[in-house]
Novice: 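Before I ask anything, here is the structure I am working with.
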Number of protein chains: 2
Amino acid sequence: MDNSLAEKLTARSSGISLYGLAPPKRATPSDELKDIVAQQVARLQSLSIDGLIVYDIQDEATRISEPRPFPFLPTIDPTTYAHEHLGRLATPKIVYRCVNQDTPESFVEWLKDQEAKKSTPLSVLVGTPSQHARAGVSLTDAYALARQYAPRLLLGGISIAERHGKSANEHERILAKTEKGCRFFVTQAVYDVTSTKSLLSDYAVAVREKGAVPMPIILTFAPCGSMKTLSFMKWLGIAFPRWLENELRLADNPLSASLDLCEQIFVEIWDYARDKGIPVGVNVESVSIRKSEIEASVELLKRLHRRMGASANEI
Amino acid sequence: MDNSLAEKLTARSSGISLYGLAPPKRATPSDELKDIVAQQVARLQSLSIDGLIVYDIQDEATRISEPRPFPFLPTIDPTTYAHEHLGRLATPKIVYRCVNQDTPESFVEWLKDQEAKKSTPLSVLVGTPSQHARAGVSLTDAYALARQYAPRLLLGGISIAERHGKSANEHERILAKTEKGCRFFVTQAVYDVTSTKSLLSDYAVAVREKGAVPMPIILTFAPCGSMKTLSFMKWLGIAFPRWLENELRLADNPLSASLDLCEQIFVEIWDYARDKGIPVGVNVESVSIRKSEIEASVELLKRLHRRMGASANEI
């Protein structure tokens, strides 16, 4: 197999490191785009990661009535960006795809393209951002089509601990998506330890009761370097405990404070997940395009990578 | 001064240790009552505590529609129990008083009795359990009467972090009660780190903004040895994060697990409060009258006492 990420995911390994990014805006002039690609390739080549996540950014206006702190601008198609623009980057790519933008025909065509790839194709299918949004292809139908047209496609699902804090059934969604073919799960950015631990706890209990095995849970972390980034992350649905928001708000250097907090949060969840026998990995991203926050995300990835390495050596 | 607890509270010391108990039921036969008192005196004399809290148990049927897991039975008046039945116990006592059970006359009479005591009288005044309950004397009036008739009375207030989790203004209640004369605050049993840290965070910020000083916050801890105790604690309004409830529910020995969890929670909050400059102490109680849970509460107090001592020596 030419894809160690797929191997690690299939083996349900702990300690997988991913980096996540969104493709540039579709309107980016081609010279500028070339520069962005060159920078990203250089940055990503310097990282010891198992894979790269390329997001599919949707306009989530149907999910939330509050205005989006940053305007929504359509991006380059993530599959195109991952496999063409970043094609020379050898790192395996996990391509997100929002299936509500698809027709059954366009989705099947995409599946066939994935199936034809040399190395194991990896993807996370994303459903509608809210119940009020139009669904081109439903997530359930998408999973069925994937089984039929792209059996080689290694599928992941998204998992939102904040939802678990409210309805306490996110672990059941993970189990249901696993039955439909998902082999790993990626969270949104974690700043709320409690809901994440509660999700992992209920998941561990449910897996044991079913006599099943837990799938790898990839925890996303993202630096937060300004109050504008904080408000955007909150808009995205990321929960910040009040005390932690105060820490960021009052820090002399919020960016540096956020890295320390993310590291603390990670260590607490990592220890807890190991105790419960759930394989955990990380995905680091910057939700902002500010250079300082992107650089901080690279620093954060290195720190979490070290933490996982140090801990793995303890076994 | 003959009362080192009053001194420590007035000096806003960290590391105060209290034990909390409710008086026996009013209907307890006198022989049995004598035995209970003898046992409690023996147990409390063996503990190195700064003080004893004697609760005033109310029927809180107006606060919550769910039936009380244990029946409400009226207890011996806490002032009588503290100063007469437990009179030979030299430990300073903090007597709770639910002022909604008072008339202005009965409350003033009680205040005059407190003022006449040799050692510094200590009390926590408790208001109505809900907005729907009848208020004999309002808490605001009670504080005003206390200033007038018992200026020596060292007053504390109750503080509920779970309320802060919802309305984010519990720190303002602390500040308002401080203006009315409260010099320390006692929480309900802490199983939810996040709301407690958030309360302390907002309190620290508000105190700094006012140029004021933080009052000691006494964190209550209580073992939870059975699902019946858990349901009673939830009925009392104590929040349990979902993962922590799972830990207790699935533990081979929930009582022992609860002690470990309480100790972890305490250490996290203790470190956080020290970082924020807020003096913190502990109050340990058993909400159940089962012997094993009472013994566990004594064990827990010793553990937390050691933690505070070890940490105090590090300064």
Side-chain angles (χ1 to χ4, degrees), chain A residues 160-172 174 190-209 214 217 219 234 239-252 257 260-261 264-265 267-278 280, chain B residues 160-172 174 190-209 214 217 219 234 239-252 257 260-261 264-265 267-278 280:
Chain A
I160 298 178
E162 279 86 346
R163 272 199 304 228
H164 196 69
K166 285 181 191 121
S167 54
N169 67 355
E170 190 69 10
H171 62 299
E172 288 164 9
I174 293 180
V190 178
Y191 272 98
D192 182 15
V193 167
T194 306
S195 63
T196 306
K197 282 173 78 170
S198 290
L199 170 58
L200 294 179
S201 173
D202 281 328
Y203 182 48
V205 171
V207 161
R208 198 169 51 211
E209 277 172 5
I217 309 289
L219 304 164
K234 287 171 84 168
F240 290 79
R242 174 82 185 161
W243 70 265
L244 196 151
E245 191 172 331
N246 283 347
E247 295 289 311
L248 294 174
R249 195 163 52 81
L250 301 169
D252 292 334
D260 292 344
L261 288 163
Q264 280 168 32
I265 290 165
V267 170
E268 182 171 347
I269 300 173
W270 172 257
D271 288 344
Y272 185 77
R274 283 166 70 91
D275 188 48
K276 302 294 155 205
I278 299 173
V280 155
Chain B
I160 299 178
E162 280 85 346
R163 271 197 306 227
H164 196 68
K166 284 178 192 125
S167 54
N169 66 356
E170 190 69 10
H171 62 300
E172 288 164 9
I174 293 180
V190 178
Y191 273 98
D192 182 16
V193 167
T194 306
S195 63
T196 305
K197 281 173 78 171
S198 291
L199 170 57
L200 294 179
S201 173
D202 281 328
Y203 182 47
V205 171
V207 161
R208 197 168 51 211
E209 278 172 3
I217 308 289
L219 304 164
K234 287 171 84 168
F240 290 79
R242 174 83 186 162
W243 70 266
L244 195 150
E245 190 172 332
N246 284 347
E247 296 289 311
L248 293 174
R249 196 163 53 81
L250 301 168
D252 292 333
D260 292 345
L261 288 162
Q264 280 168 33
I265 290 166
V267 169
E268 182 170 348
I269 299 173
W270 172 256
D271 288 345
Y272 185 75
R274 283 165 70 90
D275 188 47
K276 301 295 154 204
I278 298 173
V280 154

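Keep in mind the model is a prediction, meaning the values are calculated, not measured. Protein chains get the first letters and strands the later ones, always in sequence-line order, with residue 1 at the start of each.
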Novice: Of all of B:A204, B:S201, B:P241, B:S198, which one pairs up most often with chain A through heavy atoms under 4.5 Å apart?
Specialist: B:S198
Novice: Does a side-chain heavy-atom distance below 4.5 Å link B:L244 with B:I265?
Specialist: yes
Novice: First locate atom NE2 of A:H171, then atom CG of A:D202, and finally report the distance between them rounded to the nearest 0.5 Å.
Specialist: 4.5 Å
Novice: State, to 0.1 Å, how close A:L248 and A:F240 come at their nearest heavy-atom pair, and which atoms those are.
Specialist: CD1-CE2, 4.0 Å
Novice: Where does A:E245 contact chain B at under 4.5 Å (heavy atoms): side chain, backbone, both or neither?
Specialist: neither
Novice: What heavy-atom pair brings B:R208 and A:L250 nearest, and what distance separates the two atoms?
Specialist: NH2-CD1, 3.9 Å
Novice: Please classify the contact of A:L200 with chain B as side chain, backbone, both or neither, using a heavy-atom distance under 4.5 Å.
Specialist: neither
